[in-house]
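Note sheet for the following structure.
Numbered from 1 within each chain, the chains take letters A, B, ... in sequence-line order.
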Amino acid sequence: MKLILPARLPFSLASVIHSHGWIRLDPFREEESTGGLAYIAQLDSGQVTELHIQEVPGGVSVTFDGDLSDEECAEIERSVTWMLGLDQDFSAFYQLARHELRLASAEQRAQGRILRSPTLFEDVIKTILTTNTLWGATIRMNNNLVAQFGSPLLADPPRRAFPSPARLAETNEETLRTQTRLGYRAPYILELARELSSGELDLEALKTAGLPTPDLRKRLLAIKGIGDYAAANLLMLLGHYDFVPVDSWALKMVSQEWYGGESVGRAEVEAAFEPWGAYKGLAYWLWDWSQEG
DNA sequence: GGTAGACCTGGACGC
DNA sequence: GCGTCCAGGTCTACC
């Protein structure tokens with residue numbers, strides 16, 4: 001089956017795919033032969049299907065196997081629209097970026113959209129897996145989670161969807177620590193899965209709650225394992241760019257760019273992007289560090 | 001509000 | 001092959 005979904009222009013699927021490292025985490029996959037993106041989705045009905053997404057004039061096409069119901073197709077449409085931010089509008093940011101050499105090509109490249117998972121649950125877990133570790137370990141932990149707890153794709157069972165909260169809630173901390181190799185993150189992820197599974201917490205509601213950034217940030221910081229960096233990262237995924245996700249790389253780049261290599265802290269990074277106001281996180285994200293200032 | 005130390009893994013390095 | 005050190009954010013206890 002095939003769906004055609006429109007995107008607000010300018011749009012570039014390649015820009016979304018390469019917006020950050022999510023494309024390298026299961027169940028995402030880059031389809032290099034087509035320049036497209038594949039994602040193994042588990043629908044609300046339980047059906048597992050692989051979505052193949054390619055850019056077409058004015059938007060994207062989404063193809064998938066199986067004879068799915070209208071309801072399932074509508075769910076795929078909602079998910080892909082969210083994942084790629086098809087309806088996001090960056091015109092105000094582009095207007096500001098035109099006056100900054102380091103961001104001048106953002107509009108031409110249609111940058112701004114950041115690849116998201118269909119659920120905030122998946123993005124929160126992936127974000128926790130990026131903290132206090134190296135990228136290689138993030139990939140390993142995430143892929144272990146998918147391989148051990150994800151529902152299999154019928155046509156290719158070794159490949160799996162991202163595990164649901166309910167499936168993760170059934171496991172235990174010891175398994176997550178020793179077999180999935182999550183280390184000290186195991187209790188955080190288990191607690192989150194159990195809170196979602198029991199209905200105690202409705203994470204997905206945060207996508208559409210329309211909360212102001214400080215309130216949204218407070219809700220994210222209440223999740224164990226989410227600190228300043230992770231909250232800023234998730235706020236960006238939710239379309240709020242008021243905070244810079246300050247990690248060791250940000251400290252290094254700001255130190256080199258504005259402080260002659262002298263050691264800097266979080267305050268200096270925030271200060272460097274302060275002029276960008278509500279877009280400071282996005283300005284940091286898209287900043288072209290390779291350009292001469 | 002700020003700070004120190006613990007948390008855990010895997011890669012790099014020296015022996 | 002083994003032991004040690006280090007990088008990477010967040011949490012908790014303490015001041």
**Stepwise side chain to side chain contact (heavy atoms under 4.5 Å, CB included) test for Glu257(A) and Arg102(A)** = CA-CA 12 Å; Glu257(A) 180 92 350; Arg102(A) 314 296 188 106; 2.7 Å; yes
**Item:** Strand contacts (DNA chain C) in residues 174-185 of chain A, 4.0 angstrom heavy-atom criterion
**Value:** Tyr184(A)
**Request:** Compare side-chain N and O positions of Thr133(A) against OP1 and OP2 of dC8(B) and report whether any pair is under 4.0 Å apart.
**Result:** no
**Message:** Could you check whether atom CZ of Arg219(A) has more than 12 heavy atoms from other residues, nucleotides or ligands sitting under 6.0 Å from it?
**Reply:** no
**Message:** Side-chain N or O of Thr131(A) versus OP1/OP2 of dT10(C): is the shortest distance under 4.0 Å?
**Reply:** no
**Request:** To the nearest Å, give me how far apart CD1 (Ile189(A)) and C1' (dT9(B)) are.
**Result:** 14 Å
**Prompt:** Above 12 or not: heavy atoms from other molecules or residues under 6.0 Å from CZ of Arg24(A)?
**Reply:** no
**Message:** To the closest 0.5 Å, what do you measure between CZ (Phe162(A)) and OH (Tyr39(A))?
**Reply:** 7.5 Å
**Message:** Quick one about Glu100(A) and Trp276(A) (side-chain donor to acceptor, distance below 3.5 Å, no hydrogens or angles considered), yes or no?
**Reply:** no
**Item:** Between C1' of dC8(B) and CG of Leu129(A), the distance in whole Å
**Value:** 13 Å
Between the protein and nucleotides 11-15 of chain C, list every N/O to N/O distance that falls short of 3.5 Å.
{"from": "dC11(C)", "atom 1": "OP1", "to": "Gly225(A)", "atom 2": "N", "distance (Å)": "2.6"}
{"from": "dC11(C)", "atom 1": "OP1", "to": "Ile226(A)", "atom 2": "N", "distance (Å)": "3.4"}

**Prompt:** Quick check: are there more than 12 heavy atoms from other residues, nucleotides or ligands sitting under 6.0 Å from CG of Asp65(A)?
**Reply:** no
**Prompt:** Got a sec, which residues hit salt bridge (Lys or Arg N to Asp or Glu O under 4.0 Å) with Arg181(A), two or more places apart in sequence or on another chain?
**Reply:** none
**Side-chain N or O of Arg266(A) closer than 4.0 Å to phosphate OP1/OP2 of dT3(B)** = no
**Candidate list Thr127(A), Asp123(A), Thr130(A), test side-chain hydrogen bond (donor to acceptor under 3.5 Å, both in side chains), partner Trp22(A), passing option** = Asp123(A)
**Separation of atom CE in Met141(A) from atom P in dG10(B), rounded to whole Å** = 8 Å
